[in-house]
Structure formats: structure tokens, C-alpha cells
Peer 1: 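There's a structure below that I have some questions on.
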Amino acid sequence: LPTPQVEARTLAMLHGLLQQLHAACSHLAAGARAFPSSVQETAGHVRHGVEGVQASLASARSFQDLSGLVLAHSRDAVTRVQLSLEGLLEHVGQHTPLPWLVGPFAPALVEYPEDVPVDMSKWEGCVTVG
């Protein structure tokens, strides 16, 4: 049997992870405003699912406070959240232009007309298209 200190630290870590997950899902839902309403709706469901798990586990102070029913509901909610996130990733992968996905990670995506001389030394390390 785990000691009370191990239980308390484990539950504190769980609460912290759920807070981080909720913050990430809130950010995702806010960022989904640029996408179609179905994507916005799915992002909202993800956030609400995480909020539900958070609420279910918020009052637990020991493993004894976590009934089988609470754990089963939480596991189901997390599974639904995971499936929703996979659907969002699939949608973004299929419907979003590559430069938008690459964003700030690419030094530059530059297209040049073929008849214009380009001093490539100033663009060293950049990605060029064209």
C-alpha cells in the first residue's frame, strides 16, 4: 500500500497535469476560431471533457476517494478527448496549407522569379521555394 505522502504527491501531480492540459485545451479552443465551426465545436468538446475529468478528480485527497465509477468515467472522458484531438489533427493535416503549419519554425519561405538575380549569401540557411 502506498504511504499517505506518496498518495498526496501523486494526486498533486495529477492535479497539476490536469491544470496544464486544461490550459493547453483552452488555448486550442481559442486558436480554433480560425477554423470551420465543426472544428471549433470539437475543440470546445475537448476542453469540456478535460474540465469534466478535472471536476471528477478535484476533490480526491487519497486513492480511497477515487471510486471505480469515477475512474471509469474519467477514463471514458479521456478516451473521447483523445479521439477528438486525433480528429482535429487529421483535419488540420488535411486542410491547412503547409506554410501555416510550419509557421515560425522555418527561417523563410521565399519565392523568386527566375529572371531576377538573387544574392543567396544573405539567405543562407533559409528554405526557398520556386
Side-chain angles (χ1 to χ4, degrees):
L1 289 172
T3 65
Q5 294 87 1
V6 171
E7 281 189 38
R9 286 172 42 202
T10 302
L11 289 171
M13 185 172 56
L14 174 63
H15 293 302
L17 289 171
L18 284 170
Q19 286 175 340
Q20 290 176 25
L21 183 58
H22 182 260
C25 289
S26 294
H27 187 70
L28 172 71
R33 291 183 189 133
F35 289 95
S37 61
S38 62
V39 173
Q40 293 176 39
E41 216 173 279
T42 302
H45 290 307
V46 168
R47 188 185 73 228
H48 292 299
V50 170
E51 288 170 351
V53 172
Q54 236 179 341
S56 295
L57 304 177
S59 63
R61 298 291 170 245
S62 73
F63 292 158
Q64 298 299 322
D65 295 339
L66 300 173
S67 71
L69 185 61
V70 167
L71 293 175
H73 284 299
S74 296
R75 184 178 53 243
D76 290 345
V78 168
T79 300
R80 285 191 304 274
V81 165
Q82 181 181 1
L83 291 172
S84 295
L85 284 173
E86 288 172 2
L88 284 175
L89 289 174
E90 185 176 328
H91 177 84
V92 168
Q94 292 177 357
H95 297 95
T96 307
L98 183 60
W100 185 87
L101 288 175
V102 173
F105 303 109
L109 291 171
V110 182
E111 189 171 334
Y112 294 105
E114 290 184 23
D115 60 340
V116 175
V118 176
D119 177 12
M120 291 307 289
S121 64
K122 75 176 185 175
W123 296 103
E124 189 174 324
C126 295
V127 176
T128 58
V129 179

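None of these values were measured; they are calculated from a predicted model. One-based numbering along the sequence shown.
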Peer 1: Can you tell me how far CZ of R80 sits from CZ of R75, rounded to the nearest 0.5 angstrom?
Peer 2: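 Rounded to the nearest 0.5 Å, the CZ-CZ separation comes out at 11.5 Å.
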Peer 1: Taking all non-hydrogen atoms of both residues, which atom of V46 and which atom of S84 are closest, and how far apart?
Peer 2: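 Looking at all heavy atoms of both residues, the closest pair is CG2-CB, 3.4 Å.
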Peer 1: Hydrophobic clustering (ILVMFWY, side-chain heavy atoms < 4.5 Å, transitive) - are V53 and L85 grouped together?
Peer 2: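 Result: no, two separate clusters.
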Peer 1: In chain order, what residues pass the salt bridge (charged side-chain N to carboxylate O under 4.0 Å, His left out) check against E41, with sequence neighbours excluded?
Peer 2: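 Salt bridge (charged side-chain N to carboxylate O under 4.0 Å, His left out) check on E41 returns nothing, list empty.
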Peer 1: Looking at G49 and A77, what are the two nearest heavy atoms and their distance?
Peer 2: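 Answer, listing the atom of G49 first, then A77: O-CB, 4.3 Å.
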Peer 1: Atom CG of L28 and atom NE2 of H22: how far apart are they, to the nearest 0.5 Å?
Peer 2: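 The NE2 atom of H22 is 11.5 Å from CG of L28, to the nearest 0.5 Å.
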Peer 1: NE2/H45 to CG/L88 distance, rounded to the nearest 0.5 angstrom?
Peer 2: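 Interatomic distance, H45 NE2 to L88 CG, rounded to 0.5 Å: 10.5 Å.
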Peer 1: For A60 and L66, which heavy atoms make the closest approach, and how far apart are they?
Peer 2: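 For A60 and L66, the tightest heavy-atom pair comes out as CB-CD2, 3.4 Å.
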Peer 1: Check residues 5-19 and write down every donor-acceptor pair under 3.5 Å in which the side-chain atom is one partner and the other belongs to a residue at least two apart or another chain.
Peer 2:
from : atom 1 : to  : atom 2 : distance (Å)
Q5   : OE1    : T3  : OG1    : 3.4
E7   : OE1    : F63 : N      : 2.8
T10  : OG1    : V6  : O      : 2.7

Peer 1: Tell me whether L21 is reachable from V78 by hopping between hydrophobic residues (I, L, V, M, F, W, Y) whose side-chain heavy atoms are closer than 4.5 Å.
Peer 2: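 In one cluster: no.
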Peer 1: Rounded to the nearest 0.5 Å, how far apart are CG of L57 and CG of D65?
Peer 2: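 So the gap between those two atoms works out to 10.5 Å.
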Peer 1: So, for P36 and H91, which heavy atoms are closest and what is the spacing to 0.1 Å?
Peer 2: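 Result for this residue pair: CD-NE2, 4.0 Å.
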Peer 1: Any idea which heavy atoms bring A43 and A29 closest together, and the distance?
Peer 2: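 Scanning both residues, the minimum pair turns out to be CB-CA, 3.8 Å.
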